[in-house]
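Notes to accompany the following structure.
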Amino acid sequence: MTEPPYLAAVRESYDTVAADYTRLVKEPAELDPVSRALLAAFAELAAPLGPVADLGCGPGKVTAHLAALGVPVFGVDVSPRMIELARAAHPDLRFTVGSMTALDLADGELGGILAYYTTHHTPPQWLPTVFAEFHRTLAPGGRLMLAGHVGNGEHLRPTRAYGDHPVSYESHLLPSDRIAELLHRAGLVVTTRVVQEPEGGARRQSGTFLAYKPE
């Protein structure tokens, strides 16, 4: 499969901001109580089912958090620099460079997938491909947690981020109903949907979806 053109901008941007991103982004223990509870719920659901992939893992902060909760987890990110930082910070965990559009994983290999604030960089026309990869790599009964920014279809084109570095990625803030519909079309069953209003300095709504692949 030919790599989608948007991935080059995502890779280059996160390679550029990686060090300051790692410094500026909160540790999972510093998240709000609802976000922490949702991660704990996912960990409880997914831990008994086999390996869990943290897709778009960045520097591995959430990967390590899940591992501390007893989840057999590994991280995947499109940014080689992020993977370098993750490996340095968490040498006991496995991290690999890869893309959600074409995962180097066998069919049904995963007991769980976490996509934590990563899919909003995916243009809407590519989300069916990404969600199809989620479905393909999950084992029957496998669990998915997808969390990220939601909105009313806004298309954001920031030029600088995380320490005022230049970036060229874009963000697509879809309504939560649209995301749930696309997950359903991919063959995944959404069991929980939580939309959180901005607070504590946040500027955008966030949405979290818990789903599973039917047996």
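All values below were derived from every heavy atom in this structure, side-chain atoms included, with hydrogens, water molecules and symmetry-related copies excluded. Since this is a predicted model, take the numbers as computed values, not measurements.
Ser168 contributes atom OG, which lies 11.0 Å from atom CZ of Arg11 (distance to the nearest 0.5 angstrom). Taking CD of Glu154 as the start and CZ of Arg204 as the end, the distance is 9.0 Å to the nearest 0.5 Å. In this structure, the separation between CG on Asp32 and OG on Ser206 is 7.5 Å, given to the nearest 0.5 Å. The line from CG of Leu39 to CG of Leu31 is 7.0 Å long, rounded to the nearest 0.5 Å. Atom CG in Leu138 sits 11.0 Å away from atom CD in Glu109 (nearest 0.5 Å). To the nearest 0.5 Å, the span separating CD1 on Ile113 from CG on Leu103 amounts to 6.5 Å.
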Counting only pairs under 3.5 Å, give me each side-chain donor-acceptor contact of residues 51-75, with atom names and distances, residues two or more places apart or in other chains.
from	atom 1	to	atom 2	distance (Å)
Asp54	OD2	Thr63	N	3.3
Asp54	OD2	Thr63	OG1	2.6
Lys61	NZ	Thr22	O	2.6
Lys61	NZ	Val25	O	2.6

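Judged as a side-chain hydrogen bond (donor to acceptor under 3.5 Å, both in side chains), and not counting sequence neighbours, Tyr116 has no contacts. Listed by chain and residue number, Arg136 satisfy the side-chain hydrogen bond (donor to acceptor under 3.5 Å, both in side chains) test with Glu133 (two or more places apart in sequence, or in another chain). Partners of His184 under the ring pair (Phe, Tyr, Trp, His ring centres under 6.0 Å) rule, at least two apart in sequence or in another chain, do not exist in this structure. By the side-chain hydrogen bond (donor to acceptor under 3.5 Å, both in side chains) test, His165 is found to be paired with Asp20, residues two or more places apart in sequence or in another chain being considered. Applying the ring pair (Phe, Tyr, Trp, His ring centres under 6.0 Å) criterion to Phe134, with sequence neighbours excluded, gives Phe131.
Nearest heavy-atom pair, Pro124 versus His172, reported as atom, atom and distance to 0.1 Å: CD-ND1, 3.6 Å. Taking all atoms of both residues into account, the shortest heavy-atom contact from Asp77 to Ser79 is OD1-N, 2.8 Å. Nearest approach of Pro214 to Val189, heavy atoms of both residues: CG-CG2, 3.6 Å. Between Leu7 and Ser99, the shortest heavy-atom contact is CD1-OG, 3.1 Å. Minimum heavy-atom separation, His135 to Gly187: CD2-O, 3.5 Å. When all heavy atoms of Thr192 and Val194 are compared, the pair lying nearest together is CG2-CG2, 4.0 Å.
A single hydrophobic cluster is seen to contain both Val130 and Leu188, as judged by linkage of ILVMFWY side chains at heavy-atom distances under 4.5 Å, directly or through other members. Leu114 is connected to Leu38 through a chain of hydrophobic side-chain contacts under 4.5 Å among Ile, Leu, Val, Met, Phe, Trp and Tyr, so both are in one cluster. Under a hydrophobic-cluster definition in which Ile, Leu, Val, Met, Phe, Trp and Tyr are linked whenever side-chain heavy atoms come within less than 4.5 Å, directly or via other members, Met145 and Tyr212 are assigned to different clusters. Transitive grouping of hydrophobic side chains (ILVMFWY, heavy atoms separated by less than 4.5 Å) keeps Leu174 and Leu210 in distinct clusters. Under a hydrophobic-cluster definition in which Ile, Leu, Val, Met, Phe, Trp and Tyr are linked whenever side-chain heavy atoms come within less than 4.5 Å, directly or via other members, Tyr21 and Tyr117 are assigned to different clusters.
Val76 places none of its side-chain heavy atoms less than 4.5 Å from the side chain of Met100. With a 4.5 Å cut-off on side-chain heavy atoms, Leu183 and Phe209 count as touching. At a threshold of 4.5 Å between non-hydrogen side-chain atoms, the residues Val167 and Val17 count as touching. By the 4.5 Å heavy-atom criterion applied to side chains, Thr122 and Tyr6 are counted as neighbours. Using a 4.5 Å heavy-atom threshold, the side chains of Pro128 and Arg185 count as separate.
Within a 6.0 Å sphere centred on CG of Asp107, other residues, nucleotides and ligands contribute more than 12 heavy atoms. Summarising the local packing, CD of Glu44 is surrounded by 12 or fewer heavy atoms from other residues, nucleotides or ligands at distances under 6.0 Å. Heavy-atom neighbours of Glu84 CD from other residues, nucleotides or ligands within 6.0 Å: above the threshold of 12.
For Glu181 (side chain) and Ile179 (main-chain N/O), no donor-acceptor pair under 3.5 Å exists by modelled atom type. A donor-acceptor pair under 3.5 Å is formed between the side chain of Arg87 and the backbone N or O of Phe95. Side-chain atoms of Lys213 do not come within 3.5 Å of backbone N or O of Gly142 as any donor-acceptor pair.
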**OP:** Check the pair Val78, Val97 against side chain to side chain contact (heavy atoms under 4.5 Å, CB included), reporting the backbone distance first and the verdict last.
**Re:** CA-CA 5 Å; Val78 74; Val97 177; 5.9 Å; no
**OP:** Determine, step by step, whether Val150 and Leu173 satisfy the side chain to side chain contact (heavy atoms under 4.5 Å, CB included) criterion, reporting the C-alpha distance in whole Å, the side-chain angles of both residues, the deciding distance to 0.1 Å, and the verdict.
**Re:** CA-CA 5 Å; Val150 297; Leu173 309 187; 5.9 Å; no
**OP:** Could you go through the side-chain hydrogen bond (donor to acceptor under 3.5 Å, both in side chains) check for Gln196 and Gln205 one step at a time?
**Re:** CA-CA 6 Å; Gln196 294 173 260; Gln205 284 184 326; over 6 Å; no
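Defined by atom type and a distance below 3.5 Å, a donor-acceptor pair is present between the side-chain atoms of Glu170 and His155.
The aromatic rings of Tyr169 and His121 are tilted relative to each other, their planes meeting at an angle between 30° and 60°.
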